[in-house]
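These numbers were taken from a predicted model, which means no experiment stands behind them.
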Amino acid sequence: MGPHPTVAAIRLAVRRVLNDVLTAARETPGTTDATDHPPLVLAAVSGGADSMALAAALAFEAPRLGVRAGAVTVDHGLQAGSAGRAVEVAERLRALGLDPVDAVGVTVGRQGGPEAAARDARYAALDDTAERRGAAAVLLGHTRDDQAETVLLGLARGSGTRSLSGMAPVNGRYRRPFLLLDRDTVRQGCLAQGISVWEDPHNHDPAYTRSRVRHEALPVLEKSLGKGVVEALARTAQLSRDDADALDQWAADAQGQAAGADGSLDVLRLRTLPPAVRRRVLRRTAIAAGSSPGFLFARHIEEVDRLVTDWHGQKAINLPGGVAALRANGRLFFTPS
């Protein structure tokens with residue numbers, strides 16, 4: 001008798017990602033044979049249902065494919081008893097057979113708000129652990145529901161196509177096996193395997209925007225528009241990602257053609273570009289000059305765009321990160337403000 005259907009779906013999703021990791025390891029120049037030195041894959045685990053299902057599937061599939069499997073859990077220090085909980089989660093992960101397992105404590109700052117600050121601290125810890133352990137990949141437990149929430153948040157912010165594309169299945173060392181699985185499937189998989197999970201109270205705290213989207217906005221949309229909203233939003237993410245990837249490539253090529261040796265941009269070349277491509281060129285150039293990506297918003301780029309499309313002798317535009325955009329002699333310069 002085979003595993004429960006939800007468990008089978010979870011394991012298949014992880015198996016596909018591990019096969020991709022093995023293929024990438026074999027194709028990377030200068031790497032040793034994967035059979036002699038198998039790649040290490042880490043699961044990022046909070047102790048919740050999504051990440052525990054991920055860890056269990058990784059522990060099951062990795063030995064069968066000749067992959068080393070470990071895990072890392074991050075203590076954000078935002079709740080009483082969080083350090084002890086991180087130790088407990090680490091013990092459960094070792095009991096699954098994962099090795100190495102790291103419990104890492106972080107200090108969460110304030111920049112960008114509590115959710116963004118916690119996310120930045122978490123990914124910094126994951127990056128550091130992956131580097132220290134020499135991991136080929138880090139698996140994240142985001143589901144299709146998480147993807148839908150991300151798209152809805154992007155819509156609410158009035159963001160562009162890249163923001164609407166949600167979370168990438170592959171982003172550098174990070175891989176998300178569950179983006180095609182819904183949250184209920186993953187949680188049923190935990191129940192079927194008798195995996196105990198910890199429910200983060202922040203997930204139900206209305207002080208957090210994502211929590212309000214999850215427990216208030218999406219249920220209202222499902223009630224008003226009918227079932228299928230989550231699937232439609234997740235599908236929007238994939239379609240938007242395809243479009244954004246194509247536009248980003250176009251912008252990269254256009255930037256190379258418009259840029260001079262000093263990094264300034266030819267205004268005449270910029271004016272011939274479609275707005276979507278031109279604004280991407282402006283954003284790329286501003287970031288390369290030192291502007292902060294997380295604080296460089298559409299309104300900033302629109303102001304810079306007016307230096308190209310509505311020029312009437314404006315002064316320099318100050319951008320986040322201490323960068324100024326200035327038009328002079330038919331060129332656009334991005335310099336320290």
Side-chain angles (χ1 to χ4, degrees), residues 1-21 40-65 67-75 85-103 122-123 126 129-130 135 137-150 166-171 173-204 210-211 214-215 230-231 234:
M1 188 178 194
H4 189 276
T6 58
V7 177
I10 290 166
R11 290 175 177 174
L12 176 60
V14 171
R15 189 185 318 140
R16 286 171 172 163
V17 167
L18 294 181
N19 278 318
D20 290 343
V21 171
L40 171 65
V41 175
L42 300 175
V45 183
S46 67
D50 302 344
S51 61
M52 286 303 298
L54 178 67
L58 177 61
F60 181 86
E61 293 291 342
R64 290 161 173 77
L65 295 174
V67 174
R68 292 182 296 145
V72 55
T73 183
V74 178
D75 170 24
R85 191 175 302 109
V87 171
E88 179 186 346
V89 170
E91 291 173 350
R92 289 165 55 198
L93 294 171
R94 293 188 185 99
L96 290 173
L98 297 173
D99 181 43
V101 173
D102 291 290
R122 178 169 61 253
Y123 277 100
L126 294 176
T129 304
V138 177
L139 307 189
L140 305 173
H142 298 117
T143 65
R144 186 170 62 191
D145 297 74
D146 296 306
Q147 185 76 296
E149 292 161 11
T150 301
M167 298 174 287
V170 179
N171 184 14
R173 62 165 55 96
Y174 294 102
R175 295 171 183 262
R176 296 179 170 93
F178 293 168
L179 285 184
L180 297 180
L181 299 179
D182 61 72
R183 188 174 291 134
D184 285 343
T185 294
V186 175
R187 296 193 172 188
Q188 286 297 321
C190 284
L191 289 173
Q193 297 173 90
I195 298 173
S196 59
V197 301
W198 170 70
E199 189 66 39
D200 186 347
H202 284 171
N203 291 337
H204 297 274
R210 184 174 286 270
S211 175
R214 179 176 302 176
H215 299 292
V230 167
E231 292 85 345

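- Between V17 and P169, every side-chain heavy-atom pair lies at or beyond the 4.5 Å cut-off.
- Other residues, nucleotides and ligands contribute more than 12 heavy atoms inside 6.0 Å of the CG atom of L191.
- Once rounded to the nearest 0.5 Å, the distance linking CZ of R173 with CG of L126 reads 9.0 Å.
- T73 contributes no side-chain N or O that, together with a main-chain N or O of A90, makes up a donor-acceptor pair within less than 3.5 Å.
- A pairwise comparison of heavy atoms in G189 and V7 identifies O-CG2, 3.8 Å as the closest pair.
- No salt bridge links R68 with D99; every basic N to acidic carboxylate O contact stays at or beyond 4.0 Å.
- Checking each of L42, V74, T129 against D102 for a side chain to side chain contact (heavy atoms under 4.5 Å, CB included) leaves exactly one that passes, namely T129.
- Under a 3.5 Å cut-off, the side chain of D182 and the backbone N or O of T185 do form a donor-acceptor pair.
- Rounding to the nearest 0.5 Å places CG of L96 at 9.0 Å from CD of Q193.
- Side-chain N or O atoms of Q188 include none that pairs as donor or acceptor with a backbone N or O of D184 at under 3.5 Å.
- P63 and A59 get closest at one heavy-atom pair: CD-O, 3.1 Å.
- To the nearest 0.5 angstrom, R64 atom CZ is 7.0 Å from R11 atom CZ.
- Q147 places no side-chain N or O within 3.5 Å of a backbone atom of H142 that could act as its donor or acceptor partner.
- Going from atom CD of E61 over to atom CG of L18 covers 7.0 Å, rounded to the nearest 0.5 Å.
- Of all the heavy atoms in L40 and G70, the pair that sits closest is CD1-N, 3.9 Å.
- Closest approach of A49 and C190 over heavy atoms only: O-SG, 3.2 Å.
- A donor-acceptor contact shorter than 3.5 Å links the side chain of D146 to the backbone of T143.
- Contact annotation: the side chain of V186 approaches that of F178 to within less than 4.5 Å [non-hydrogen atoms, C-beta and beyond].
- Heavy atoms only, all atoms of each residue included: A44 and L140 are closest at CB-CD2, 3.7 Å.
- For D75 (side chain) and A86 (main-chain N/O), no donor-acceptor pair under 3.5 Å exists by modelled atom type.
- Atom CZ of R144 and atom CG of L179 lie 10.5 Å apart (nearest 0.5 Å).
- Side-chain atoms of R210 never come within 3.5 Å of backbone atoms of E149 as a donor-acceptor pair (strictly under, hydrogens ignored).
- Shown here for I195 and A56, the closest heavy-atom pair between the two residues is CD1-CB, 3.5 Å.
- Rounded to the nearest 0.5 Å, atoms CD (E88) and CG (L93) are 10.5 Å apart.
- Contact annotation: the side chain of V14 approaches that of L54 to within less than 4.5 Å [non-hydrogen atoms, C-beta and beyond].
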